[in-house]
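Since the structure comes first, as structure tokens, the remarks are kept for the end.
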Amino acid sequence: MLLVDFETRSPVDLKRYGGRVYAMDPRTEVICCGFRLDGLHWMFRNPKLYPQAAGERWPEWVMDALNDEHIPVSAHNAEGFDAPVWDYVAANDHDFPLLADDRWVDSVAICRVNGLPGKLDDAARAIGGMARKDHRGAALIRACSIPPYDETPEKLDAVVEYCAQDLVVLADLLDACRPLMDVELRDWRVNRAINERGVRVDLELAEAAVRYAEAESAEIAAQLNQLTNGRITRHTQSARIRDFVLGHLPDCPAMVRYKDGVKKYSIDKSARAELLDDFDLPFLVREVVELTDDGNRSSVAKFQKMLDRADPEDHRVRGAFVYAGAQQTLRFSARGLQLHNFRRDCWSPDEVEDLSARMYLDQPLDSVMDTLSKLLRPALLPAPGNKLIIGDWSAIEAMALPWLANSPGAEGVLDVFRAGGDVYLRTAEDIRIDNRQIGKVTVLSLGYGGALGAFQAMARNYGVRLEDDVVRAIVTRWRRVNGWAPDFWYALERAARRAIARPYEIQTAGRVRYVYYPQHLGGSLLCLLPGDTILTYPQVRIEEVEGRHGRAITAMKASFTAKADATEWPRTTLWHGLLAENATQGFCAWLLREALARLELEDGPGDVVSDVHDEIVLEAPAALAYAARDRLAEVMNTVPAAAEWLPLKAVPTIQDRYGKEG
DNA sequence: TGCGGCGGCGCC
DNA sequence: AAAGGGCGCCGCCGCA
């Protein structure tokens, strides 16, 4: 692979606007670009900044590599940074040769499928000796890349050195990783195509929402300020609000939280709900808590993000999806505009037209922040003349878990799905509680080894309140009726332990397999799932863990960041519930990738514009909307060969805006 | 002023 | 048979 790394400068805020907007801005310039291949190294330097580089010829090995279509070109965050910089800046300003899109491979994707952190520094720290972070590097880049530019020759030479050093680090990192499998490269490209297409946002609505939110936020701040004599000046000051409430209600039980065995106080959503439920709550406290609650409902930042990230020409936000962003499951994650966590409860398209009309006329709104946050989803919409087609798989994880367990008891659950039954209702019957909502919370919270705590946490989100004793009884009954689930959890953990004890030998639990490679990334446990998915747990060990009986399996926790003075990367315990969950979500993520690949690579009406774990959104011209809907249904209801007998079900619908129905 | 830690939010 | 976990982003706050 030819490794590439750009250093650039621009007045555009890269973090805020993203690499694509950054690269397309005419003020963005290349400082230098490093190339590396098999130990050979060369640095392109912008002659405007490095006069001595004027007229310098490109080495033959670089030109040969660039002209050889069989040699992939890799950069760390190629998709989000180096590829757009190459296309929009370097090709124009410095005659860099045009590179076909399919030449790029992003080394971030390679890190992530290897279970490593995405950031270059972090990945290197995690697998290396945890050398301390070099803050001078970051400071140097800041000095030279953000106006006013430092242009001293010493600094510019230091940038070149820094760039070259990064390529050495990247080369070492890639040597330690396994490369992408063909199917992973395919899926990375599919995701890149979806990112390039983007999803359209209602910019006019977003602008109005930001305007209303700012006014409301200021109003809430003024009231808080007055009520508390200046002790609280914004609804976001959670520490000050917490202390204010504690001042009136010492040791308030609703606010008590335990973290790592340490008692703490919180003023989070559920604490506020419990406080407001108390009829005797002092009036002043009630006022403050209500104002905080109102303010926190907003998702103003997301509307601002839409304004920041959308292309002003076609109003589309691009580059929002991160391939294998979740290292432990290889699910997609999101960046910039967080499309994966928009509030579900939202207005219908008709209500949106009504509300937006009022907002454009500056008319007042009821419960402003709540109203605005319910406008978030519908702020995604198709281009004029198009429709959105939305499909989601119903209860896919509740189905995938028993399918992976592959036992007679688990088949019984799958038969409920096959018969078109409602697994939540069925579960409510099983635990002898006549309430579908409770059945749903049970299925969602207990499938991965969770018990009382997991149930109550989930119950809070669904407005279900039960006494602890009742929940304990539900847990016992559910586990007894669904004995296949505990059996599967413990089989997974036994298989993982066996695998670690016997390197290179594949161990099986249900449809899940584990194998341990002692030489790979400090000893890696691989989880092999149906359909060629490989989950990697690097630096796996069996060791004593605080607060736990016996020795447990532990591994690197890629999604955490090590503290500055840490001597080892943070770790996680691979207990049976986590193994079950990772396998299930990893398997479901594969089903999604297969569907996306079909939709993207096969001919047919409708283009993918968004996906959220169990949901796919297409955009299609109105005249083709029905055909696109049928196509989406066909793709989502056709099970890949490696998942035979899995009763997947989706009923896509046609919408004028993004919404909760799907 | 920039950072890192932490609390908080929301979804699957 | 104890234990929800998977994400990303925002804002505050203390520190350097």
Side-chain angles (χ1 to χ4, degrees), chain A residues 15-16 118 133 135 138-139 142 146 233-242 257 259 264-272 292 295-302 304-305 320-322 324-345 373 376-377 392-393 395-398 444-458 461 475-476 479 483 485-487 489-490 493 545 547-550 552 557-566 572-582 584-586 588-589 592 611-615 660:
Chain A
K15 192 169 155 37
R16 178 171 173 186
K133 265 195 171 176
H135 291 284
R142 221 177 15 257
I146 302 170
T233 55
R234 298 204 61 193
H235 72 264
T236 45
Q237 293 161 338
S238 56
R240 292 192 205 180
I241 297 165
R242 178 196 64 201
R257 298 285 182 278
K259 199 178 175 190
K264 294 193 171 188
Y265 297 97
S266 164
I267 189 70
D268 64 16
K269 199 164 133 172
S270 72
R272 295 196 303 269
T292 306
N296 278 348
R297 239 170 255 281
S298 81
S299 306
V300 197
K302 277 195 156 61
Q304 183 60 52
K305 231 8 168 205
F321 300 98
V322 182
Q327 298 96 331
Q328 269 179 247
T329 61
L330 303 189
R331 297 213 296 197
F332 292 102
S333 68
R335 80 177 141 220
L337 183 63
Q338 262 289 94
L339 292 164
H340 283 168
N341 69 346
F342 277 23
R343 183 174 170 188
R344 254 192 108 68
D345 183 17
S373 74
L376 268 172
R377 266 188 200 237
D392 67 4
W393 281 304
I396 185 170
E397 285 189 28
L444 294 179
S445 66
L446 303 188
Y448 306 125
L452 176 68
F455 186 103
Q456 295 293 38
M458 182 74 71
N461 296 338
V475 172
T476 307
R479 287 185 181 182
D487 286 349
W489 306 334
Y490 307 127
E493 181 155 351
V545 175
R548 208 172 272 270
H549 300 297
K557 176 81 175 174
S559 64
F560 286 3
T561 308
K563 293 185 181 176
D565 57 355
T572 185
T573 301
L574 301 182
W575 62 290
H576 59 250
L578 185 64
L579 291 173
E581 191 208 44
N582 285 177
T584 305
Q585 292 188 346
C588 292
L592 178 66
D611 53 88
V612 189
H613 307 312
D614 64 354
E615 174 184 339
K660 58 190 156 186

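Naming convention: chains lettered A, B, ... in sequence-line order (proteins, then strands); numbering from 1 in each chain. Quantities reported herein were computed from a predicted structural model and do not represent experimental measurements.
- Phosphate proximity of C:dA1 to A:Trp575: absent, as no side-chain N or O sits under 4.0 Å from OP1 or OP2.
- Contact between the side-chain N/O atoms of A:Lys305 and the OP1/OP2 oxygens of C:dC10 is found at a separation under 4.0 Å.
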- [ ] For nucleotides 11-16 of chain C, just jot down a letter per nucleotide in 5' to 3' order: B, S or -, based on protein non-hydrogen atoms under 4.0 Å.
- [x] SSS---
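- Rounded to whole Å, atom C1' of C:dG5 lies 16 Å from atom NE2 of A:His340.
- Considering only residues two or more places apart in sequence or on other chains, A:Trp393 meets the ring pair (Phe, Tyr, Trp, His ring centres under 6.0 Å) condition with none of them.
- Taking atom CD of A:Glu615 as the reference point, atom P of C:dC7 lies 20 Å away to the nearest angstrom.
- Contact between A:Leu330 and A:Ala589 at its shortest, heavy atoms only, is O-CB, 4.0 Å.
- Atoms CH2 (A:Trp489) and P (C:dG5) sit 13 Å apart, rounded to a whole Å.
- Side-chain nitrogen and oxygen atoms of A:Arg344 include at least one within less than 4.0 Å of the OP1 or OP2 phosphate oxygen of B:dC12.
- The phosphate of B:dG8 has OP1 or OP2 within less than 4.0 Å of a side-chain N or O from A:Ser266.
- A donor and an acceptor atom never sit less than 3.5 Å apart when one is taken from the side chain of A:His576 and the other from the base of C:dA1.
- Of the candidates B:dC11, B:dC12, B:dG8, B:dC12 carries the atom nearest the A:His613 side chain, counting heavy atoms from C-beta on.
- The A:Asn296 side chain lies nearest to B:dC9 when the options are B:dC12, C:dA3, B:dC9.
- For the pair A:Lys302 and A:Asn341, the minimum side-chain heavy-atom distance is below 4.5 Å.
- The aromatic ring of A:Phe342 does not stack onto the base of B:dG10, failing the criterion of a centre distance under 5.5 Å from the six-membered base ring together with planes under 30° apart.
- One atom, NE2 of A:His235, and another, P of B:dG8, lie 14 Å apart when rounded to the nearest Å.
- Between A:Thr329 and C:dG6 there is no side-chain polar atom (N or O) within less than 4.0 angstrom of OP1 or OP2.
- Side-chain contact between A:Val612 and A:Phe342 is absent, with no heavy-atom pair separated by less than 4.5 Å.
- Checked against salt bridge (charged side-chain N to carboxylate O under 4.0 Å, His left out), A:Arg272 has the following partners two or more places apart in sequence or in another chain: A:Asp293.
- Take A:Tyr490 and apply the ring pair (Phe, Tyr, Trp, His ring centres under 6.0 Å) test, not counting sequence neighbours, and it matches A:His576.
- Taking each heavy atom of A:Arg343 and A:Arg377 in turn, the nearest pair found is O-NE, 3.0 Å.
- In this structure, A:Arg335 atom CZ and B:dG10 atom C1' are separated by 20 Å, rounded to whole Å.
- Under 4.0 angstrom from either OP1 or OP2 of B:dC9 there lies at least one side-chain N or O belonging to A:Arg272.
- Residue pairs meeting the side chain to side chain donor-acceptor pair (under 3.5 Å) criterion with at least one member in residues 444-455 of chain A, sequence neighbours excluded: A:Glu397-A:Tyr448.
- Closest to the side chain of A:Gln585, from the set C:dG4, B:dG2, C:dA3, is C:dG4.
- Rounded to an integer number of Å, the gap from CG of A:Leu574 to P of C:dG5 is 12 Å.
- As a whole-Å value, the separation of A:Asp611 CG from C:dC7 P is 16 Å.
- Place A:Thr572 and A:Arg479 on DNA chain C by their nearest nucleotides, and A:Arg479 ends up nearer the 5' end.
- The A:Gln338 side chain lies nearest to C:dG8 when the options are C:dC7, C:dA2, C:dG8.
- Rounded to whole Å, the distance from CD on A:Glu493 to P on C:dA3 is 15 Å.
- A:Gly453 comes within contact range of the sugar-phosphate backbone alone, with a heavy-atom separation under 4.0 Å but no base atom that close.
- Nearest to the side-chain atoms of A:Arg331 among the listed nucleotides C:dG6, B:dG8, B:dC11 stands C:dG6.
- Taking 4.0 angstrom as the limit, A:Lys269 places a side-chain polar atom (N or O) nearer than this to OP1 or OP2 of B:dG10.
- A:Lys557 comes within 4.0 angstrom of sugar-phosphate atoms only, judged by non-hydrogen atoms across all strands, and of no base.
- By the stacking rule of 5.5 Å between ring centres and under 30° between planes, A:Tyr448 does not stack on the base of C:dG5.
- Residue-level contact check: A:Gln456 touches neither bases nor backbone, having no heavy atom under 4.0 Å from any strand.
- With sequence neighbours left out, the salt bridge (charged side-chain N to carboxylate O under 4.0 Å, His left out) criterion links A:Asp268 to A:Arg257.
- No contact: A:Ser445 has no heavy atom under 4.0 Å from any strand.
- Nearest to the side chain of A:Asn582, among B:dG10, C:dG6, B:dG8, sits C:dG6.
- Where A:Gly336 and A:Phe560 meet DNA chain C, the nucleotide closest to each residue was compared, and A:Phe560 sits on the side nearer the 5' end.
- Among the atoms of the strands shown, none is found under 4.0 Å from any heavy atom of A:Leu446.
- Side-chain N/O atoms of A:Lys302 include none lying less than 4.0 angstrom from OP1 or OP2 on C:dC10.
- Taking 4.5 Å as the limit, every side-chain heavy atom of A:Arg335 sits out of range of all side-chain heavy atoms of A:Ser333.
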